[in-house]
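Here the structure is laid out as structure tokens; the discussion comes afterwards.
We name chains A, B, ... by the order of the sequence lines, and we start the count at 1 in each one. What you see below is based on every heavy atom in this structure, not just the backbone, and it leaves out hydrogens, waters and symmetry mates.
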Protein chains: 2
Amino acid sequence: MNPTGQPVGNKNSDQPYQSHLATKADLVTSHTETRAGFLALALEKNRQATPFITQARALKAVALPLARPANLLDLPNIQAALVAAAGISNKAAGHLDAATKEQAVRDFIANFLDVAGADWVDELVYRFLITRGDTIGGSMRNIGGAIAQRTLTRNIIATLSLANVPFEWRHAKTKKWLTGSSSDPDIEFQTNALSWTNAQGPRTLRYNYSPAIVGKNIDLCLLACAAQDFDTAVLDGSLYVALGELKGGIDPAGADEHWKTARTALLRIRDAFSRLNLAPASVFVGAAIVSGMADEIWTQLGNGTLTNAANLTDDNQLASVCRWIIDL
Amino acid sequence: MNPTGQPVGNKNSDQPYQSHLATKADLVTSHTETRAGFLALALEKNRQATPFITQARALKAVALPLARPANLLDLPNIQAALVAAAGISNKAAGHLDAATKEQAVRDFIANFLDVAGADWVDELVYRFLITRGDTIGGSMRNIGGAIAQRTLTRNIIATLSLANVPFEWRHAKTKKWLTGSSSDPDIEFQTNALSWTNAQGPRTLRYNYSPAIVGKNIDLCLLACAAQDFDTAVLDGSLYVALGELKGGIDPAGADEHWKTARTALLRIRDAFSRLNLAPASVFVGAAIVSGMADEIWTQLGNGTLTNAANLTDDNQLASVCRWIIDL
DNA sequence: TACACTCGAGTTA
DNA sequence: ATAACTCGAGTGT
């Protein structure tokens with residue numbers, strides 16, 4: 001309050017995003033963070049590749065003694081590798097029947113190995129690795145997303161600990177709720193939900209959950225309920241405090257693409273809740289934010305479509321959003 | 001008209017999508033088409049891989065005579081291949097400076113090649129191929145999209161030819177407009193715009209164009225203008241007859257993901273034109289349509305948000321949309 | 001050049 | 001099985 005007794009500032013001065021964003025340009029990812037992200041990705045990719053290199057060596061060892069490429073068909077243990085070498089991804093293989101895959105392998109042998117001469121084993125192994133490179137690329141996409149979730153979790157736990165707020169965490173595999181500890185670095189790897197109590201009451205944050213109300217998976221669901229009540233609370237739209245999209249990708253070229261996806265996801269959420277005359281808070285947290293999408297995010301923040309937003313690579317923004325989440 | 005002189009049917013009976021869609025289930029891609037799409041993709045991928053196999057053989061030949069992995073650094077011609085072997089994609093390389101890449105290569109040599117013993121050349125070549133597998137995967141994504149555009153172009157040309165409508169086509173590379181011929185199978189590979197005249201006047205359809213009005217690329221822009229007038233016509237919102245999104249991907253797992261993107265793209269178009277009090281027709285054509293998104297498409301068709309839609313893998317639906325486009 | 005397009009390689013609920 | 005999530009590998013303007 002100022003001396004006149006009127007509220008200070010304009011209508012928007014107390015919007016949560018204003019704690020960490022002065023202008024829309026603040027949302028944009030710095031080149032430094034982009035570089036660091038790509039480099040970290042490459043290092044992790046090298047780790048992920050190692051088992052496939054081992055598989056390639058094994059495939060070479062199995063194939064070398066064979067007199068002719070067609071003899072590969074006699075070795076049951078390497079049929080999956082042959083399908084891969086024939087250019088068929090695991091995903092594609094799931095859509096094809098056994099006969100189609102076998103025919104593709106036979107065609108591959110005839111068109112690529114039989115004509116490769118003495119070097120046919122290298123041709124086989126090289127083409128196996130080409131497909132497995134795509135395999136690893138796919139895995140890396142998932143790993144990138146998982147790292148983002150861990151980053152957010154780590155920051156929320158740090159924020160809770162800083163505020164001396166006890167918390168529980170849900171073990172994703174066992175589905176058991178456990179007492180949280182700020183000094184346990186494994187929690188972020190194992191959890192898919194956190195629970196604590198703030199001034200308004202109990203709060204539970206669940207990752208990658210699909211509420212029946214929306215019918216689609218949502219990256220972040222914050223409910224006004226205790227951990228043990230989550231399964232029933234999700235049926236009551238009025239208990240949803242906030243919902244959010246988290247995009248961990250670092251590639252600026254993908255930024256607008258994935259923001260478009262997030263916009264529709266958030267729109268579906270708003271539509272579903274508005275049918276219940278409800279309007280829970282909404283938040284977008286992204287690691288790759290480019291100027292054009294920052295404009296749209298800023299507009300949505302300004303008109304209330306979006307309640308909060310932050311750049312995942314900016315520690316201050318992330319801390320501010322975490323404080324907002326735990327107090328919400 | 002029926003004998004009473006009243007228009008036949010209900011309000012929606014003359015909606016363009018009703019020519020080829022009776023129910024929303026008609027939009028859903030058949031398993032047969034999905035299978036065929038994945039198989040075609042694998043075959044094309046094998047073709048695309050060949051030059052990289054050759055590069056791998058060349059890399060092996062260059063590396064074999066070297067006494068130690070560190071000697072790789074002395075060969076200027078293979079530095080790009082070393083960066084790839086170190087797990088750095090071309091995309092990532094574009095974000096990293098030369099010193100960072102060189103350090104990554106040195107670390108790669110120390111951590112993976114020096115410890116590989118006598119087999120270090122295979123380790124090098126295998127890791128090069130892992131990264132190039134991802135390279136080919138990326139190229140394949142683009143090829144998939146290009147094939148979809150060609151499929152649509154081929155069908156529009158066939159529809160124009162069937163109706164005896166002369167057309168011009170724009171050569172994407174030379175940017176020259178040429179007289180169309182139904183018997184020239186190369187047009188679909190070379191063109192990025194078609195032009196013809198219908199009962200309403202001249203029409204020009206441009207692919208992948210970014211109108212200043214919207215500020216984003218749009219897969220399909222149909223304008224009421226002659227080919228030669230396109231560059232000025234694009235400035236006048238009232239000349240936009242229809243805009244559309246084309247999604248050529250066959251993967252059902254990507255269907256909703258890419259439909260979410262398309263929804264936002266179409267929303268941006270509608271928002272931009274509605275600011276001019278304009279509402280051009282809109283269309284969605286997709287190869288992978290799953291049940292949930294068919295629901296949303298059907299809703300949008302029913303309430304007029306979307307004017308038309310079709311499954312790219314259904315010849316009848318495609319023909320109907322092409323007839324609609326050329327007469328619009 | 002900055003920007004934003006292509007789409008499926010994985011994954012999980 | 002079904003559905004829908006992860007995100008960057010390319011590309012073009």
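Among the heavy atoms of the strands lying under 4.0 Å from B:S89 are primed sugar atoms or P, OP1, OP2 only; no base atom is included. Within the 4.0 angstrom heavy-atom criterion, only backbone atoms of the sugar-phosphate kind lie near B:G145; the bases stay farther away. Contacts of A:G249 with the nucleic acid, taken as non-hydrogen atoms under 4.0 Å apart, involve only primed sugar atoms and P, OP1 or OP2. Among the protein residues, B:K173 comes within range of no part of the nucleic acid, since none of its heavy atoms lies under 4.0 Å from any strand. Contact annotation for B:I136: no contact, since no heavy-atom pair falls under 4.0 Å across all strands. Nucleic acid contact for A:K175: none, since no nucleic acid atom lies under 4.0 Å from a heavy atom of the residue. Residue B:I143 is out of contact with every strand shown, counting any heavy-atom pair closer than 4.0 Å. B:F38 comes within contact range of the sugar-phosphate backbone alone, with a heavy-atom separation under 4.0 Å but no base atom that close. When heavy atoms are screened at a 4.0 angstrom cut-off, A:G248 is found touching the sugar-phosphate backbone but no base atom.
In this structure, the nucleotide among C:dA13, C:dG8, C:dC7 sitting nearest to the side chain of A:R141 is C:dG8. Here the side chain of B:D219 is nearest to one of C:dC5, C:dG10, D:dG10, namely C:dC5.
Applying the 3.5 Å distance criterion, the base of C:dC5 shares no donor-acceptor pair with the side chain of B:E245. With hydrogens and angles ignored, a donor-acceptor pair under 3.5 angstrom links the side chain of B:K91 to the base of D:dG10.
Aromatic ring orientation, B:H95 versus A:F38: parallel (interplanar angle below 30°, classes split at 30° and 60°).
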